[in-house]
Amino acid sequence: MTKQHANWSPYDNNGGTCVAIAGADYCVIAADTRMSTGYNILTRDYSKICKLADKCLMASSGFQADVRALQKQLSARHLIYQHQHNKQMSCPAMAQLLSNTLYYKRFFPYYAFNVLGGLDTEGKGCVYTYDAVGSYERVGYSAQGSGATLITPFLDNQLKSPSPLLLPAKDAVTPLTEDEAVDLVKVVFASATERDIYTVSSCVYRVL
Amino acid sequence: MFRNQYDTDVTTWSPAGRLFQVEYAMEAVKQGSAAIGLRSKTHVVLACVNKANSELSSHQKKIFKVDDHIGVAIAGLTADGRVLSRYMRSECINYSFTYESPLPVGRLVVQLADKAQVCTQRSWKRPFGVGLLVGGLDESGAHLYYNCPSGNYFEYQAFAIGSRSQAAKTYLERKFESFMGSSRDDLIKDALFAIKETLQGEKLKSSICTVAVLGVGEPFHILDQETVQQLINEHEIVEEEAPAEQEAAAAADQDAPPADEAPPADQGAAPMDI
């Protein structure tokens, strides 16, 4: 008797792509605005970016219902933090919180592929990239979502990021100026749109 | 005051139908340092006297932000107040999370009152020893409530609790009719004057009081020391010269202080003129 498979899935993939690039004193976070299901478009105008704290934004692709739930969770936790510590959460702190929140649901995960971007405690740009269960890493740039496989090699080429295996550890932050980084992001989305049906060139971006 | 027979625990009634433990809890509120609140149609101001135990120690925190649209000032056992503030914050966050909208103040005070009532009907608990002045803004406007350790709550135009609050209440009773239409700045001014009343002669400085404001388009926040000191200076000077602005709000020729009289003594005399 073969194993019976579920005739229903609690997850759905709403598509979309998210990108973030960290600079010396800025951070660019961008996400496209299409929300789809299967081969259909649900809306052309949906923001996947959420401002979690003063200096911290999160862009998430994947299952938007889970993404929204995750955003609300983190915002509520941030409020509690503010009440207790009388200050905003720093980006590295939020990064750890996001990781813990994701792992908390290790056995029924949030179907969310996140990119956290912001300014760290020294004011330098920082980008953290995640998988669905909370494994994370600080990087100089990252792309997640349906267009990630198209975008990441291009960013690797343009941003010439040093290998994380190098010793001594080289700073991954890009030497580009803020305007150059924003232009790069726009170009990147335009390219991804050419070949990825789930990504459109219309994108929302925030710079910190 | 010979009520020792029926006051051992909160679940014992006295023959006169009173719960003495609850009344003792309300006494604790009266012993705390003063806190006052007043509201207009669009703003609520909370202010309190912050006395530190000694010059070396820091002040007791008596005003808490509960949410952007709700703040609370406490008098009495401040530790109880802290715990209740934490409860209120948590309720606001949960409501916001579920309904994506701010918790209406009226709902919050009822929840608080119910929580207080529980402690008046369990033999293994004691009533909260803190009075809370809850100021908040919701769709129906600005509100000020007072929550008692007994589990009662009332809505007020203006109120004062804690030690020497009667002086402040007298001042507020004179002025309250004008509060509904007051501007934000007038409301703060009146709050500072009310606080001064409770000090009874001591000089009003920003280091011994805390003022917090919330209103339409203005999330709850505590004013910083410099701003408060500035306002104190502004109004102290105004008060000595010509109380023309005050007369606009209060009954005519009630407070016409001679310019050389010290402000505290003047304020003390004015109520007795009525």
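Note that these values count all heavy atoms, side chains included, but never hydrogens, waters or copies made by symmetry.
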When you look at CZ of B/Phe97, are more than 12 heavy atoms from neighbouring residues, nucleotides or ligands closer to it than 6.0 Å? yes
Value rounded to 0.5 Å, distance of SG in B/Cys92 from CG in A/Leu79: 9.5 Å
Heavy atoms of other groups near B/Arg164 CZ, more than 12 under 6.0 Å: yes
Find the distance between CD1 (B/Ile93) and NE2 (A/His78) and round it off to the nearest 0.5 Å. 11.0 Å
Considering only heavy atoms and a distance below 4.5 Å, find which of A/Gln73, A/His83, A/Gln84 pairs most often with chain B. A/His83
Greater than 12 external heavy atoms within 6.0 Å of A/Tyr104's OH: no
pair A/Gln82-B/Lys65: side-chain heavy atoms closer than 4.5 Å: no
Over 12 foreign heavy atoms within 6.0 Å of CZ, B/Arg184: yes
